[in-house]
4 protein chains.
Amino acid sequence: MYQPVMMTPIDFRSDNTAGAAPEILEALKKANTETAPAYGQDRWTLELQERVRELFANPHAQAFPVMSGTAANSLVLSAMCPPWGSILCHESAHILQSECNATSMFGGGASIRGLAGNGHLLTPESLQDAFKNTGWGDNHQSQPSVLSLTLPSDFGTSYTLDQISALSETAKQRGLSIHVDGARIANVLAGQKISPAQLVRSSGVSALSLGGVKNGTLSADAIVSFDPRISEQLHYRLKRAGHIASKMRFQSAQLIAYLQDDLWLRQAARANAAMARLSAGFMDMGWNVLHPCSVNMAFVQMDESFAQRLWDLGLLFHRHPTGWARFVTSFATRSEDVDEALRRASSLR
Amino acid sequence: MYQPVMMTPIDFRSDNTAGAAPEILEALKKANTETAPAYGQDRWTLELQERVRELFANPHAQAFPVMSGTAANSLVLSAMCPPWGSILCHESAHILQSECNATSMFGGGASIRGLAGNGHLLTPESLQDAFKNTGWGDNHQSQPSVLSLTLPSDFGTSYTLDQISALSETAKQRGLSIHVDGARIANVLAGQKISPAQLVRSSGVSALSLGGVKNGTLSADAIVSFDPRISEQLHYRLKRAGHIASKMRFQSAQLIAYLQDDLWLRQAARANAAMARLSAGFMDMGWNVLHPCSVNMAFVQMDESFAQRLWDLGLLFHRHPTGWARFVTSFATRSEDVDEALRRASSLR
Amino acid sequence: MYQPVMMTPIDFRSDNTAGAAPEILEALKKANTETAPAYGQDRWTLELQERVRELFANPHAQAFPVMSGTAANSLVLSAMCPPWGSILCHESAHILQSECNATSMFGGGASIRGLAGNGHLLTPESLQDAFKNTGWGDNHQSQPSVLSLTLPSDFGTSYTLDQISALSETAKQRGLSIHVDGARIANVLAGQKISPAQLVRSSGVSALSLGGVKNGTLSADAIVSFDPRISEQLHYRLKRAGHIASKMRFQSAQLIAYLQDDLWLRQAARANAAMARLSAGFMDMGWNVLHPCSVNMAFVQMDESFAQRLWDLGLLFHRHPTGWARFVTSFATRSEDVDEALRRASSLR
Amino acid sequence: MYQPVMMTPIDFRSDNTAGAAPEILEALKKANTETAPAYGQDRWTLELQERVRELFANPHAQAFPVMSGTAANSLVLSAMCPPWGSILCHESAHILQSECNATSMFGGGASIRGLAGNGHLLTPESLQDAFKNTGWGDNHQSQPSVLSLTLPSDFGTSYTLDQISALSETAKQRGLSIHVDGARIANVLAGQKISPAQLVRSSGVSALSLGGVKNGTLSADAIVSFDPRISEQLHYRLKRAGHIASKMRFQSAQLIAYLQDDLWLRQAARANAAMARLSAGFMDMGWNVLHPCSVNMAFVQMDESFAQRLWDLGLLFHRHPTGWARFVTSFATRSEDVDEALRRASSLR
């Protein structure tokens, strides 16, 4: 008799399926013991500003808590790109594929132009090609205004610091400013042992979408702006987008705890390590792992029937109709979960 | 020697300065003990739907958690009003005065038309006047499409059920649909002992902005739609506005706890009672209380010097440059706070 | 027996009902004798730039032909006002009442805030009042950014140069820039014998919507910008609004002919003179003319039955349901038309 | 001694460089002999409606005169596609490459998704591929809502009626509606001897951008809608975009004359014939003509130095930096111009 999913599930569907870190819940509890001014005038939000200035070693750094990566990306890009401009990114970028026109909506029509590139990464050459096909100053065409780098890509690949510098330099020669979509930026920093300050310095980034929710906050992502002209716009743009929390202290308290004592980097390192172990196991079994697993995601080619049998063993993961599966680990993935997953998987032939 | 603010502050600045209710923090803790699908596919968000269908006795009721009242108002209004339409409301309405063009932005240019009315309340006559001055079908003019009622008004005044019915009927005769901005709706329901189902029935409301944060949630307000065509739009509109939380369960869990066992109505009743006691005390002292205090707000006319002296006694409240002060109580205001505030105030002559 | 409209109609419905001046048709014919680069690279458009620099005595003056006053107003205002800003104007202003949310649409949500004022005119005091009720820098509120003056108002009233200067000065003290909606500006300039250069100097205007169609062009109005930052935006904003004519020469040729040898001012003077004669006749008959007729419009209070009888005598005019009639003359109104109209009207008692 | 451009220029830069047809100027002159109601209430605009209903053999056909192809495309697409939707087209489509984000702006963020396809043409397979990569109903992704076919493509290639039917059928199976960008539609209809009614029937088109300016009107293109729900929106959408001419009769009169006695098709046939003759000559000389010249455009691969020498012989054409030249004929191109151009070109080796 067929017995589906009798085993305890092990969840690799997404780092979004994990809950919040205990440190975050603790921070919320502590922030709840007094009254505080609303709309960001509280002492937590003020403290958060100091933290990001230190962390990114940049006196202009300013943090704007928001509740989702889509909010962070689309709102900051609308402040960086004129309505007749375009944002260049890889054609698989999250801002182009997975945010339902958010940037064009907030940006008054600003368009996103996806460029090709191996391994979901851009090269200076791909940028140069796009520039060659641009009628600069021709008002029939949207004008390239921002380069957005997804760090890591939605397929788990990452740029090195040198690659980021080279892309940034190429972009700046044509007057573009730089945005980093860092929904999982901690995984890159931890994986490559890059400091936040190094990233800012090497990339010449004007603004960064700083992911928190996938890596342990409850509801807090942030925009970090390094340009006062962007910050001034965000003051208004966030409000009119409904992204100024009245009890902002609870958003800021999460972010303070998240950045405190490198919690974010330690959590990301844990997720990365779990994935390293998992994907090594996949490769040992001869599975077709599609990209080098530099962070906390593995993509494996497998047919539907194999995927179903894995699923029946209690492994939860994302199945794409075109024949691949995505496995994601998080700060909450335990090494015994990984081992047990590999043990079960190894039973399949 | 001058000794400013030596006394323990008593905070009447806003219901936004209070923290979250213990029940809400408890709900977050409980929702954090397992993995769960992201983006609203979790069991809390599913359960929330059942709750609102029961609570509002409406099979079409659908709840969309958002993080602010501005998000709730502007996003649902953008789904209700065509870009060339206008939303009618009182000229002091929050959507017109305090949301920095959010509705026009999300609404693709839709405009908000403020109408006059005593006590910050509209009458069927004020609506009729607006209709008379409208060129229906004339494409030079934005077409009235939605009536938005603020319940209570930002000045603490409220409609009765009969008044709401009369306004709704007048609006519907000209094809407008009805929106309720219920940032503090619990205070009205508790104050007038109206049930949520009665409100929906009498108002013929298509969608409601259901306030939570001012009354004890940590970060969760909601849109409640009663029209499947609005709900279908919100599915996309919220995503592209960055208002679909990846860990949505934490938003939904707050709202479930908030509605559970009438917590929201009990908390609002507490805030109302505190204000009743406070404003009665103000009137006993002969202060000029500007509007009948039907909910949890009092507006008092006072000059700058008097306001400063009160402030020096540790009373915190909102001071408006044109000569009035606003006092707001919340679910967290204790009756001893009220008594102490009145005791201090009575020392002033 | 009832005999409706047997008499030759005399058309006072609007200056929009007149056709184009012969000089304009002639200019089109001449511009049609060669091939020319598209999209504004032609010699007519180039020449137009010289003309406006001379005419307005301003080296930054730049003309952008558009096809309607709504296009001129809404596009230039979208370049002058940030999306979170507001444009202040009289509450009867055309941009607020008769353009179907155009400015908010192009402006990404920017709002228009109508202020009260006698005779459809603003005063420095009404501006000051609005400023007092503004939370400057408060992101809950749209920030006043532009003052738009309608010259003349849609009710035929006009500011003097001194009044314009005073308003401009008040507005600039709070950082607002100045826009003039000049759909009928020629009628004011001709009426008050103000030169275009004087208007620009006294008003400190950043951009002007220069009406042409109501006063004799076939399809050409224009934006005249005096600020290079606005001009740079318009280069793109007009294109993406579909307001860059491919055969731009035909728009520019109309405008050159319109401004040539003061044709525009001569035509406006003719319209004004016809109205002066007509309204004097109305007053002689004891009609209730509502505003001083400074330009080419008269508003007369009359009941429906009287209006119908006038209409039956072949007089065409705009009838408003609330009990007034609007008469408009144009460059094409002949003095014999006026005399005949008065002759017929005088037959009514 | 070097003698640049001594010869009479022969202009193949664009069909936009030609002027207006004499019939159009005549129509303007005739329409200028009376007063007429403004904003489209005139008898020309009324008559135009009858003409398009007959011409397209469709009782719902409704024409909306606009002043540019960009206006036609972007405004009608904004009425056909929800703000969270996407418009599918070929990756070289004019709406994507040459309209500076117009559709996304008017469409409240709606995006344009370019698909690959040989010869600048789509196939049902390319559509099916796009559909397979779409998460239907997934709110992270913009939802394919409209198929826009450029007829002919900007590179002079055209679909057959059968190809159009097949594409339309594929698109409609997934609920998309059909738009035709017909900036040069007359050239396709004349070239393939397709009647307007056949096109509408075979394509199942909901709305058509009907080019006029490139083919002989002075300032009039049009949207033709075949869906009353689109027409109702356009009533407002055009006004708030500044695309309702006050003296609309002059736009409508042009379009009536343009469609009268097949003027548009006769003019297009003339342009096509000139191009057939010209490109045949190019091929006789062994030039590398890049696409079959089905309409009035030829693309020729040539290096910069060859292009410069041609230019020096007085031939005007569009030179693209990546090594090709575009030649366009128009209704005004005379066969002696073509012969002379070929004579001069043949002198180059």
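The analysis underlying the following values was restricted to heavy atoms, covering all of them including side chains, and did not include hydrogens, waters or symmetry mates. To find a chain, count down the sequence lines: A is the first, B the second, and so on, and within it residues start at 1.
With respect to the salt-bridge test (charged N to carboxylate O, under 4.0 angstrom), the residues D/Arg249 and D/Glu34 do not qualify.
With a 4.5 Å cut-off on non-hydrogen atoms, B/Gln233 touches chain D through its backbone and its side chain both. For chain D, the nearby part of B/Ile244 is the side chain; its heavy atoms alone come within less than 4.5 Å. The contact between B/Pro83 and chain D is made by backbone and side chain atoms together, counting heavy-atom distances below 4.5 Å.
Taking the six-membered ring where tryptophan is involved, the planes of B/Trp84 and D/Tyr236 are essentially parallel, since the angle between them stays under 30° and well short of 60°.
Annotation: salt bridge (charged side-chain N to carboxylate O under 4.0 Å, His left out) contacts of D/Glu47 (sequence neighbours excluded): D/Arg51.
Annotation: ring-ring contact (aromatic ring centres under 6.0 Å, His included) contacts involving residues 125-145 of chain D, sequence neighbours excluded, comprise B/Tyr39-D/His140, D/Phe131-D/Trp136.
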